[in-house]
Colleague: 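Starting off with a structure, shown below.
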Amino acid sequence: MAGRSTESTYNLSAVTYTHRLFTALAVAATAAGCAKNETAQARGRDAARTVKTETVRQTTVKRSVEVVGTLAAVDQVTISSEAEGKVSRILADLGDRVTGGQALIQLDNEKQQYNFDQQKAALERTLAQYGAPDPQHLPEIEKTPDVQKANADLVQARQAYDRASELFKKTLVPRQTLDDAETTLQSKKAGYESAIQSAKNLRASIQASEASMKLADRQFRDTLIRAPFEGYIERRLVNLGELVKMQMPVMAVVRVDPLKVTAEIPEKMAPWISDGQPVELHVDAYPAQAFTGKVSRISPAVNTATRSFPFEALVPNKDALLKPGTFARVHIESGKADDVLTLSYGALQYRYGVNRAFVVQGDTLSARELKVGDRLGDRIEIISGVKAGEQVAVTDIEKLVDGTKVSVK
């Protein structure tokens, strides 16, 4: 029993010794590694980083407005038919470019032709009765054939009455002859007045017949539906052989030159933008091309929901590259100019929602939190955080930290 106990104690002592030995070696290795890291970090802190710098500049900036707008047609209309009939010909279709007055759709016009011919014949008959070649050359009422004949009869009756009156005074003719002459004179007066009235009625009939003929002619011409202005066919709404009623939409036409862009000017910039100012547009379809136009209208009232003023600008579109309904980025140079501090955009370090710049103070970098304003090309406006004339690092920005030792290149 005693022998077994001694052997067990020996084995336990050996294990304990071995464990302590390995633990001591591990601690020594860890301490050596930490010492090396601390040495490397110290060397990193002591080593000066070479950087390039630039000076914070104060410049005069002419303010501009950058907004997103929508392109729209200045003129866009859905054409409705002013006549009834079946579609006999379709003369223009979707996407076609048309000129003002160009025929688009022809309706069957046989009935309108008959009506026009009837009204024309009625006018010609009335003109013949009046004794006129056309409605534009109507003679005076007193010079119409019937009036002239009635006037001649009246003159003859008056002369006969005057002779009978002289003869009666000389007792050369009986009273009956004078009475007959007077009766004839009164009859011819009534006939003359009747001829005058008939001529007036014929003149009115000519005017009515002319109006009826013009209306029939208009109804006939309305069977040929035309474009109201130059543009493109946006939609065709009827088919060949379809019966078209009055006021039924048949086609939609849109004018694309010029187009207008509609957007809103921020309230604070409204006083420095006026009619006639140039604008510059960019669209996604042509990212490398700039389109120019001019401000044409500005609303006098602010949009209370956005605190902005709606405006329109006309943009020439001769080659029809721009399309109505698309979005455009609009740039407007205003009349406002401010003195501001600027830095290269590449001098900013952006992390966790904060913009910083590193100002060189002696041989050390000092991190400054910045409040920035508008982007100005490759530079940016600085509202606060640095001062004019300070030197700011512009190289290896993402690797810089506060307190870094530097040497300026």
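In what follows, every heavy atom counts, from backbone to side chain, and hydrogens, waters and symmetry copies are set aside. Here the structure is a predicted model, which means the values were calculated and not measured.
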Colleague: Is any side-chain N of the basic residue among Glu84 and Lys111 closer than 4.0 Å to the acidic one's carboxylate O?
Modeller: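 No.
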Colleague: Start with the C-alpha distance between Val360 and Leu365, add both sets of side-chain angles, then the distance that settles side chain to side chain contact (heavy atoms under 4.5 Å, CB included), and finish with yes or no.
Modeller: CA-CA 5 Å; Val360 177; Leu365 291 182; 3.7 Å; yes
Colleague: Please evaluate residues Val253 and Ile233 with respect to the criterion side chain to side chain contact (heavy atoms under 4.5 Å, CB included), reporting the C-alpha separation (whole Å), side-chain torsions for both, the decisive distance (0.1 Å), and the verdict.
Modeller: CA-CA 5 Å; Val253 178; Ile233 303 298; 3.9 Å; yes
Colleague: Is any side-chain heavy atom of Leu104 closer than 4.5 Å to a side-chain heavy atom of Arg226?
Modeller: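 Not touching, per the 4.5 Å side-chain cut-off.
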Colleague: Any salt bridge (charged side-chain N to carboxylate O under 4.0 Å, His left out) pairs touching residues 382-399, not counting sequence neighbours?
Modeller: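 Qualifying pairs, neighbours excluded: Arg49-Asp396, Arg351-Glu398, Arg368-Glu390.
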Colleague: Got a list of side-chain donor-acceptor pairs under 3.5 Å for residues 265-272, not counting sequence neighbours?
Modeller:
unit_1	atom_1	unit_2	atom_2	d
Glu267	OE1	Arg307	NE	3.4

Colleague: Who pairs with Glu210 by salt bridge (charged side-chain N to carboxylate O under 4.0 Å, His left out), at least two apart in sequence or on another chain?
Modeller: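 Residues passing salt bridge (charged side-chain N to carboxylate O under 4.0 Å, His left out) with Glu210: Lys214.
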Colleague: What pairs meet the salt bridge (charged side-chain N to carboxylate O under 4.0 Å, His left out) rule with one or both residues in residues 275-291, with sequence neighbours excluded?
Modeller: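 Found Asp284-Arg329.
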Colleague: Take a 6.0 Å sphere around CZ of Arg89 and say whether it holds more than 12 heavy atoms from other residues, nucleotides or ligands.
Modeller: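 At most 12 heavy atoms, drawn from other residues, nucleotides or ligands, come within 6.0 Å of this atom.
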Colleague: Considering only NZ, NE, NH1 and NH2 on the basic side and carboxylate oxygens on the acidic side, decide whether Asp217 and Lys120 come within less than 4.0 Å.
Modeller: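 Lys120 and Asp217: not salt-bridged.
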Colleague: Should Arg236 and Asp93 count as an ion pair when the cut-off is N to O under 4.0 Å?
Modeller: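 A salt bridge is present here (some side-chain N lies under 4.0 Å from a carboxylate O).
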Colleague: Are a donor atom and an acceptor atom from the side chains of Glu110 and Tyr114 found within less than 3.5 Å of each other?
Modeller: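 Judged by distance alone, the side chains do pair up.
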Colleague: Looking at every non-hydrogen atom in both residues, tell me the closest pair between Gly335 and Gln277 and how far apart they are.
Modeller: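 Minimum heavy-atom contact is N-NE2, 4.5 Å.
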Colleague: Hey, is CZ on Arg375 packed in by over 12 heavy atoms from elsewhere, all under 6.0 Å?
Modeller: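 Above 12, so yes.
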Colleague: Do Ser407 and Thr50 come within less than 4.5 Å of each other through their side chains, counting heavy atoms only?
Modeller: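 Yes; the side chains approach each other to less than 4.5 Å.
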Colleague: Under the salt bridge (charged side-chain N to carboxylate O under 4.0 Å, His left out) rule, what pairs show up with a residue in residues 310-328, not counting sequence neighbours?
Modeller: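 Output for this query lists Lys260-Glu312.
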Colleague: Restricting to non-hydrogen atoms, name the atom on Pro139 and the atom on Gly131 that form the minimum distance, rounded to 0.1 Å.
Modeller: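 Nearest heavy atoms, Pro139 then Gly131: CG-O, 4.0 Å.
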Colleague: With sequence neighbours excluded, give me every salt bridge (charged side-chain N to carboxylate O under 4.0 Å, His left out) pair touching residues 193-204.
Modeller: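 Sorted pair list comes back empty.
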Colleague: Keeping the roles fixed (side chain from Asn317, backbone from Leu321), state whether a donor-acceptor pair exists under 3.5 Å.
Modeller: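 Yes.
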Colleague: For Asp134, give me all partners under salt bridge (charged side-chain N to carboxylate O under 4.0 Å, His left out), at least two apart in sequence or on another chain.
Modeller: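 Result, salt bridge (charged side-chain N to carboxylate O under 4.0 Å, His left out) vs Asp134: none returned.
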Colleague: Taking the side chain as every heavy atom from C-beta outward, state whether Phe168 and Val173 have any atom pair closer than 4.5 Å.
Modeller: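 Yes - at least one pair of side-chain heavy atoms lies under 4.5 Å apart.
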Colleague: List the steps and the verdict of side chain to side chain contact (heavy atoms under 4.5 Å, CB included) for Phe116 and Met213.
Modeller: CA-CA 6 Å; Phe116 173 73; Met213 187 191 72; 3.8 Å; yes
Colleague: Answer yes or no: are there more than 12 heavy-atom neighbours, outside Gln247 itself, under 6.0 Å from its atom CD?
Modeller: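 Not more than 12 within 6.0 Å, no.
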Colleague: Tell me, please, which residues at least two apart from Gln112 pass side chain to side chain contact (heavy atoms under 4.5 Å, CB included).
Modeller: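 Asn109, Gln219, Phe220, Thr223.
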Colleague: I'd like to check the side chain to side chain contact (heavy atoms under 4.5 Å, CB included) partners of Pro249; sequence neighbours left out, ordered by chain and number.
Modeller: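 Counting only residues at least two positions away or on another chain, Pro249 forms a side chain to side chain contact (heavy atoms under 4.5 Å, CB included) with Thr78, Ser80, Leu237.
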Colleague: Could you pull out all residues at least two apart from Leu185 that satisfy side chain to side chain contact (heavy atoms under 4.5 Å, CB included)?
Modeller: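 Counting only residues at least two positions away or on another chain, Leu185 forms a side chain to side chain contact (heavy atoms under 4.5 Å, CB included) with Leu154, Ala157, Arg158, Tyr161, Lys189.
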Colleague: Can you list every side chain to side chain donor-acceptor pair (under 3.5 Å) pair that touches residues 139-149, not counting sequence neighbours?
Modeller: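 Matches after skipping sequence neighbours: Lys149-Asp153.
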Colleague: Output, in order, the C-alpha distance, side-chain angles, deciding distance and verdict of side chain to side chain contact (heavy atoms under 4.5 Å, CB included) for Ile206 and Leu127.
Modeller: CA-CA 6 Å; Ile206 290 172; Leu127 287 171; 3.7 Å; yes
Colleague: Restricting to side chain to side chain contact (heavy atoms under 4.5 Å, CB included), what partner residues turn up for Thr183, sequence neighbours left out?
Modeller: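 Expected list: none.
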Colleague: So with a 6.0 Å cut-off around CD of Glu242, is the heavy-atom count from everything else above 12?
Modeller: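 Enclosed: over 12 neighbouring heavy atoms sit under 6.0 Å from CD of Glu242.
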